[in-house]
Each structure stands twice: as C-alpha cells, then as structure tokens.
Amino acid sequence: MNKEELKKIANSLLETFKIAGQESIELYKKGLKIEIKEDNSPVSNGDLRVNELITRKIKELTPNIPVVSEETVDLKVKNLAKIFWLIDPIDGTKEYIAGNDEYTLNAALVINTVPVLGLVGVPKKERLFYSYGPGESYLIESGETKKINCQKKQPKGKIVALSSSLKPANIILNKLKKFNVNLIVKMASSYKFCVIATGEYDIYAAQERANEWDYAAGHAIAQNAGAIITTLDEKPFLYGKEDYRNPSLLIKRAEK
C-alpha cells in the first residue's frame, strides 16, 4: 500500500472520527449504560457505539483487511495476520465514565509489525490527530489542520515526563532520571503519545501493560512525527504478536 492510498484512507476516516467522538459525548450526557467484562474492566454503550461506527467505516474502506477491536476480539484465537487494523474505540473507559477529558478514540493500520497509519480522537479536548506515513502527522484543532513534528514546547532545560500513575515504579523513575527529567505529569490514555508528537511533553516510560490496540494509533502518530519509540531496553517496539500483549515502552520526543 503506497503513501497516497494510506493518505486517502486516513482522510476518509476523519469525518467518522468526528461523528463518533460527538456521539461519545452525547451518550455520556444521556447517562451511560455500563457492564463489567470478563477481565473485570468496564465497558459502556459509548464504547460499543464508537466501535460500531469506526469498524463499519473501516470495513467499507478496506473490506479485505482483518479488523481487531478490543470490544470484539477473541483472545483465544492467535493473530497471524501481517496486515490488520487495531481498534480501541475508547481508550481510557474509566476516564470516560468518570466524565474526564483525556479518553481517546483509536484506530491503526499495522503493516509488517509497524503501525503505519493512525487516528486518535480526543473529543472533549476537541482535538483529532492522524498520520499516514513518516513526516505526515497532523492535528486538527479549532477548525485548523497543522502538521506536527515533536518540536519542543517546554522551556529549554525543562524535561517533562508523562506517567499513567501518580507514583511510577522505581524502574520507571530510574529510567527517567537518565534523561534528566525534572517534572512528571499524570496523564491517561493514548493521549500521551499525541502530546509528545506535538512537542508539549518530552518522554513517557512504562512497564509491560495493556494490549496492542491501546498503543498502535498513538504510536503511528508519534513515530511519524519524529518520536523515538522502543521498549525500555531500547529494542524495537513491534506489533502483530499472537496474544496482542505489549512489552515495556519508551517514547522519547527526540533522540537527545
């Protein structure tokens, strides 16, 4: 699949992401219907509706490419595909249910272990990120589309890390020390990838957690914007594992 084809697919999904994001807000306002899944995590009718809208559009655009979604995946079936979609309709469901604004809508196209195309909608922040190739990451905000390239927004000498928890594990704190981090900010969901892509923050480190659909779309946006994404021991972070489990993660805004 060439760059022009990927661009066309990404652009064709933008309107669907805007509609799905708006529906997620409307459903929250009406009062969400929540169930508990087998893994004890919550799922709402908002997750399911967003999943339906995004999956339907993707199947219309690429009918021959398998779609793996958090809400419909059968974990007993090994993933053997080389080209496939990963969808996390709402990453940060707990945030969504609580009425917070950092939950995201996610879809990524993986080709030969690499997420080459990604979309991340952040409905309550009115931001929509997308990418379809190296040097082609964008943010739509306030009706304007601008290219993003990891250019530093923090003052010189200030290195700000993101964390999923208020108290990161010692292995994470020790890793961040190596990069002279002087502030850690808690942030939820794949939004972390996106604000490193914009240059608003500098680094994120995490131990093994979550599944490929939680990371893939944000990964495409950040990496295509120029971020360096590896495991904590700086090995390549690849997709297409049979069980979908993520290894550890290190996202650096820039090599230095």
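Since we're looking at a predicted model, the values are computed, not measured. Along the sequence shown, residues are numbered consecutively beginning with 1.
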Do Ile87 and Pro89 have side chains that approach each other closer than 4.5 Å (heavy atoms only, starting at C-beta)? yes
I'd like to know if the side chain of Arg253 and the backbone of Cys150 have a donor-acceptor N/O pair within less than 3.5 Å. yes
In Å and rounded to the nearest 0.5 Å, what is the CG to CG distance from Asn79 to Asp74? 12.0 Å
Can you check whether Leu119 reaches Leu14 side chain to side chain, under 4.5 Å on heavy atoms? yes
Residues Lys241 and Glu212 bridged, charged N to O under 4.0 Å: yes
What one should report as the nearest heavy-atom pair of Ser137 and Ala225 is OG-N, 3.3 Å
Which class fits the ring pair His219 and Tyr239: parallel under 30°, tilted 30 to 60°, perpendicular over 60°? perpendicular
Test your reading of the model: is there a side-chain donor-acceptor pair from Asn224 to the backbone of Val116, 3.5 Å cut-off? yes
Considering all heavy atoms, the nearest Cys194-Ile221 contact: SG-CD1, 4.4 Å
Testing Ile90, Leu27, Ile54 for side-chain contact (heavy atoms from CB on, under 4.5 Å) with Arg49, which one passes? Leu27
What one should report as the nearest heavy-atom pair of Leu232 and Lys175 is O-NZ, 2.8 Å
Cut-off 3.5 Å, side chains only: do Thr55 and Ser69 have a donor facing an acceptor? no
Considering only heavy atoms from C-beta outward, does the side chain of Leu109 approach that of Tyr132 to under 4.5 Å? no
Residue pair Leu250 / Ala205: nearest heavy atoms and the distance that separates them: CD1-CB, 4.0 Å
Please tell me whether Ile65 and Tyr130 are part of a single hydrophobic cluster in this structure, the criterion being side-chain heavy atoms less than 4.5 Å apart. yes
Please determine if Glu5 and Lys8 form a salt bridge, counting it only when a charged side-chain N lies under 4.0 Å from a carboxylate O. no
Donor-acceptor pair, distance only, cut-off 3.5 Å: does the side chain of Thr93 make one with the backbone of Val43? no
Assigning hydrophobic clusters by single linkage (Ile, Leu, Val, Met, Phe, Trp, Tyr; side-chain heavy-atom cutoff under 4.5 Å), is Leu249 placed with Leu176? no
Between Glu102 and Lys124, is there a side-chain heavy-atom distance shorter than 4.5 Å? no
Check whether more than 12 heavy atoms from other residues, nucleotides or ligands sit under 6.0 Å from atom NZ of Lys33, and answer yes or no. no
Evaluate side chain to side chain contact (heavy atoms under 4.5 Å, CB included) for Ser131 paired with Gln223, printing each intermediate quantity in order. CA-CA 9 Å; Ser131 181; Gln223 187 161 282; over 6 Å; no
With Gln22 via side-chain hydrogen bond (donor to acceptor under 3.5 Å, both in side chains) - residues at least two apart: Glu26
Could you give the distance from CH2 (Trp213) to CD (Glu71), rounded to the nearest 0.5 Å? 9.5 Å
Worked verdict on Tyr191 versus Phe129 for side chain to side chain contact (heavy atoms under 4.5 Å, CB included): CA-CA 10 Å; Tyr191 190 48; Phe129 300 85; 4.0 Å; yes
Hydrophobic cluster membership, Leu173 vs Ile251, 4.5 Å side-chain cutoff: no
Quick one, Arg127 and Val195 - any side-chain contact, counting heavy atoms below 4.5 Å? yes
Can you tell me if Glu234 has over 12 outside heavy atoms packed within less than 6.0 Å of its CD? yes
Interatomic distance, Ser248 atom OG to Lys235 atom NZ [nearest 0.5 angstrom]: 9.0 Å
Pairs in or reaching into residues 146-158: which pass side-chain hydrogen bond (donor to acceptor under 3.5 Å, both in side chains), with residues at least two apart or in two chains? Lys152-Asp202
Check: Ser142 side chain, Glu144 main-chain N or O, donor-acceptor pair, under 3.5 Å: no
Please report the interatomic distance CE(Met187) to OH(Tyr201), rounded to the nearest 0.5 Å. 4.5 Å
Answer yes if Ile111 and Val114 sit in the same cluster of Ile, Leu, Val, Met, Phe, Trp and Tyr residues linked by side chain heavy atoms under 4.5 Å apart, and no otherwise. yes
Quick one: do Phe237 and Val120 end up in the same hydrophobic cluster if we chain Ile, Leu, Val, Met, Phe, Trp and Tyr together by side-chain heavy atoms under 4.5 Å apart? yes
Side-chain (Asn45) to main-chain (Leu32) donor-acceptor, under 3.5 angstrom: no
Specify the closest pair of heavy atoms between Leu105 and Gly21, including all atoms of both residues, with the distance to one decimal. CD2-N, 3.5 Å
pair Tyr215-Asp91: side-chain heavy atoms closer than 4.5 Å: no
How far apart are the closest heavy atoms of Ser164 and Tyr204, and which atoms are they? OG-OH, 2.8 Å
Worked check of side chain to side chain contact (heavy atoms under 4.5 Å, CB included) between Lys57 and Leu53: CA-CA 6 Å; Lys57 185 63 179 179; Leu53 289 167; over 6 Å; no
State, with a plain yes or no, whether a side-chain heavy atom of Asn211 is found less than 4.5 Å away from one of Asp88. no
Return yes if some donor-acceptor pair links the side-chain N/O of Asp47 with the main-chain N/O of Ser44 below 3.5 Å, else return no. yes
Counting C-beta onward and ignoring hydrogens, is there a side-chain heavy-atom pair between Met1 and Leu6 closer than 4.5 Å? yes
Would you call the rings of Tyr103 and Tyr96 parallel, tilted or perpendicular, where under 30° means parallel and over 60° means perpendicular? tilted
Gap separating the CH2 atom of Trp85 from the CD1 atom of Ile9, nearest 0.5 angstrom: 5.5 Å
For Ile171, does the CD1 atom sit with more than 12 other heavy atoms under 6.0 Å from it, leaving out its own atoms? no
Would you check, one step at a time, whether the test side chain to side chain contact (heavy atoms under 4.5 Å, CB included) holds for Asn246 with Arg209? CA-CA 6 Å; Asn246 286 327; Arg209 60 175 294 277; 6.0 Å; no
Would you give the length of the straight line joining atom CG of Leu75 to atom CZ of Arg245, rounded to the nearest 0.5 angstrom? 9.0 Å
For the pair Lys125 and Glu200, find out whether any cationic side-chain nitrogen is under 4.0 Å from an anionic carboxylate oxygen. no
